[in-house]
Participant: 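First, the structure itself, so that you have it in front of you.
All values derive from a computational prediction rather than experimental measurement.
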2 protein chains.
Amino acid sequence: MSDTGGHEDPIEKIPVWCAGEDWCPVTTTATLIGKKWHPVIIHRLLEHGPSGFNELKEDVDGISSKVLSDSLEDLEEKQIVNREIISERPFRVQYSLTHHGDSLSPIIYAMRDWGLEHLSEPEDQTDSIV
Amino acid sequence: MSDTGGHEDPIEKIPVWCAGEDWCPVTTTATLIGKKWHPVIIHRLLEHGPSGFNELKEDVDGISSKVLSDSLEDLEEKQIVNREIISERPFRVQYSLTHHGDSLSPIIYAMRDWGLEHLSEPEDQTDSIV
DNA sequence: CGGCATCCACATGGATACTG
DNA sequence: CAGTATCCATGTGGATGCCG
């Protein structure tokens, strides 16, 4: 952890049960970021830069504290997100992407681009959030 | 369904609860392919072309009939996979990617490339050099 | 502010067995 | 061959409340 220095530790290994299969990197990567809110969190950090807990919570409308906390913990374990305490009083934390996390941007943006191209807007949308 | 032709129906809509947010396409796309085996199935179909049920089951080592069946049904509903009965006796089915499914290839390959670049092999011993 | 504790509902996936 | 039908364990997320 705490690799703000620029050098990164080895990340998750290929699981043994699919090693050798050419789809193994696919499913392993999907497992890393495949939880419901992980891509969104990564996208927020890509777009907005380092953020505090409640900043993320506000950004990602509808996510609960527990789920955000769990997700961030999971992302931190996977060395995708870095957690840094930037102030003790008042207590402030800053989440940012590690080098590994940042390298996921092609996937995240590929998802976004696909969505923009292939998903249609809801018709009954009354614009509520700007 | 069953548009093997050159023109596709509108696919899933942007959900109302996140419409307007710039991360909304991200999470919506993630929801489409974010199940455990979806990326692998899509990858198999991209690499191997149209396949039968048991072909996929053999390819994707460890997946059970039920999960594969559920996944394919889900992918079919989402117009990512096309199911075609190619023979009644003996009963044979062929699964293939729709245009929408095929258009997901940048995401799938982005996942694979990331995995190839950032994941280490399980039996590789040159991992803990810090 | 930035969480964690708890409880609960539901979704997901695995194992096994069986069918047209 | 191409699935279904169960049953069950676990995962995941939501709601609420509390704490340092």
Side-chain angles (χ1 to χ4, degrees), chain A residues 1 15-18 23 27-28 30-42 44-45 48 50-78 81-96, chain B residues 1-2 15-18 23 26-28 30-42 44-45 48 50-78 81-96:
Chain A
M1 314 309 174
V16 181
W17 58 267
C18 71
W23 47 266
T27 193
T28 307
T31 301
L32 280 179
I33 63 171
K35 312 244 173 165
K36 180 169 180 182
W37 295 106
H38 287 200
V40 178
I41 293 169
I42 296 169
R44 291 327 288 158
L45 293 174
H48 287 191
S51 309
F53 187 87
N54 282 331
E55 278 183 288
L56 287 170
K57 193 159 160 355
E58 296 305 311
D59 278 346
V60 184
D61 186 41
I63 195 172
S64 67
S65 295
K66 175 188 172 254
V67 175
L68 180 56
S69 181
D70 290 350
S71 301
L72 285 169
E73 189 181 359
D74 189 40
L75 288 168
E76 199 188 346
E77 276 173 20
K78 287 162 174 163
V81 158
N82 184 48
R83 181 178 186 269
E84 192 182 359
I85 298 174
I86 58 172
S87 164
E88 290 282 357
R89 187 181 61 261
F91 190 52
R92 277 192 166 273
V93 174
Q94 183 173 275
Y95 292 95
S96 55
Chain B
M1 308 307 168
S2 67
V16 181
W17 58 268
C18 71
W23 47 265
V26 177
T27 193
T28 308
T31 302
L32 279 180
I33 63 170
K35 312 244 172 164
K36 179 168 181 182
W37 295 107
H38 287 201
V40 178
I41 293 169
I42 298 169
R44 291 328 285 159
L45 293 174
H48 287 193
S51 310
F53 186 87
N54 280 332
E55 279 183 289
L56 287 169
K57 193 160 165 342
E58 295 304 312
D59 277 348
V60 184
D61 187 39
I63 195 173
S64 68
S65 295
K66 174 188 173 254
V67 175
L68 179 56
S69 182
D70 290 350
S71 301
L72 286 170
E73 190 181 1
D74 190 41
L75 288 168
E76 199 188 346
E77 277 173 19
K78 286 161 174 163
V81 158
N82 183 48
R83 180 180 186 268
E84 192 183 356
I85 298 173
I86 59 172
S87 164
E88 290 283 358
R89 183 196 50 84
F91 191 52
R92 275 189 168 274
V93 174
Q94 183 173 276
Y95 292 95
S96 55

Participant: Grab the two heavy atoms, one from B:Val93 and one from B:Arg83, that are nearest each other, plus how far apart they are.
Facilitator: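 That closest heavy-atom pairing would be CG1-CG, 3.6 Å.
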Participant: Of the non-hydrogen atoms in B:Gly52 and B:Tyr95, which two are nearest, and what is the gap between them?
Facilitator: C-CD1, 4.4 Å
Participant: Starting from the first five and the last five pairs of the helix from C:dC1-D:dG20 to C:dG20-D:dC1, work out the angle between the resulting helix axes, to 10 degrees.
Facilitator: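 Roughly 50° between the end axes, to the nearest 10°.
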Participant: Do you know the tightest heavy-atom contact between B:Asp74 and B:His38?
Facilitator: OD2-CE1, 2.8 Å
Participant: Whole angstroms only, please: what is the CH2-P distance between B:Trp37 and C:dG13?
Facilitator: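 Atom CH2 in B:Trp37 sits about 9 Å away from atom P in C:dG13.
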Participant: I need the CG-P distance between A:Asp59 and C:dG2, as an integer number of Å.
Facilitator: 12 Å
Participant: Show every salt bridge (Lys or Arg N to Asp or Glu O under 4.0 Å) that has at least one partner inside residues 50-63 of chain B, sequence neighbours left out.
Facilitator: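 Residue pairs with at least one partner in residues 50-63 of chain B: B:Arg44-B:Asp59.
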Participant: Just wondering, do A:Leu72 and A:Phe53 contact through their side chains at under 4.5 Å, heavy atoms?
Facilitator: yes
Participant: CD1 of B:Ile63 versus C1' of C:dT16: gap in Å, rounded?
Facilitator: 16 Å
Participant: Starting at atom CD1 of A:Ile86, determine the distance to atom C1' of C:dG2, rounded to an integer number of angstrom.
Facilitator: 12 Å
Participant: Compare every heavy atom of B:Leu45 with every heavy atom of B:Ser96, then report the nearest pair and how far apart it is.
Facilitator: C-CD1, 4.3 Å
Participant: At less than 4.0 Å, is any side-chain N or O atom of A:Lys57 found next to OP1 or OP2 of C:dG2? Yes or no.
Facilitator: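 Looking at the OP1 and OP2 atoms of C:dG2, neither is under 4.0 Å from any side-chain N or O of A:Lys57.
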Participant: Enumerate the protein-to-nucleotides 2-4 of chain D contacts in which both atoms are nitrogen or oxygen and the separation is below 3.5 Å.
Facilitator:
| unit_1 | atom_1 | unit_2 | atom_2 | d |
| --- | --- | --- | --- | --- |
| D:dA2 | OP1 | B:Val93 | N | 3.2 |
| D:dA2 | OP1 | B:Val93 | O | 3.4 |
| D:dA2 | OP2 | B:Phe53 | N | 3.4 |
| D:dA2 | OP2 | B:Asn54 | N | 3.2 |
| D:dG3 | OP1 | B:Arg83 | NE | 3.2 |
| D:dG3 | OP1 | B:Arg83 | NH2 | 2.5 |
| D:dG3 | OP1 | B:Tyr95 | OH | 3.4 |
| D:dG3 | OP2 | B:Tyr95 | OH | 2.5 |
| D:dT4 | OP2 | B:Ser69 | OG | 2.8 |

Participant: Does any non-hydrogen side-chain atom of B:Val60 lie less than 4.5 Å from one of B:Leu68?
Facilitator: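 Heavy-atom side-chain distance check fails, nothing below 4.5 Å.
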Participant: Rounded off to whole Å, could you give me the CD1-to-P distance for the A:Ile41 and D:dT12 pair?
Facilitator: 13 Å
Participant: If I take atom CD1 in residue B:Ile85 and atom C1' in nucleotide D:dC1, what distance separates them, rounded to the nearest angstrom?
Facilitator: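 After rounding, the reported distance stands at 12 Å.
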Participant: What is the distance, rounded to the nearest whole Å, between atom NZ of B:Lys35 and atom C1' of D:dG11?
Facilitator: 13 Å
Participant: Would you say A:Asp70 and A:Trp37 make side-chain contact, with heavy atoms under 4.5 Å?
Facilitator: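 No - every pair of side-chain heavy atoms lies 4.5 Å or more apart.
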Participant: Rounding to a whole Å, what distance do you find between A:Asp74:CG and D:dG13:C1'?
Facilitator: 14 Å
Participant: State, with a plain yes or no, whether a side-chain heavy atom of A:Phe91 is found less than 4.5 Å away from one of A:Ile85.
Facilitator: yes
Participant: Looking at C:dA11, I'd like to know if its phosphate oxygens (OP1 or OP2) sit under 4.0 Å from a side-chain N or O belonging to A:Lys36.
Facilitator: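 It does not, given that no N or O in the side chain of A:Lys36 lies less than 4.0 Å from OP1 or OP2 of C:dA11.
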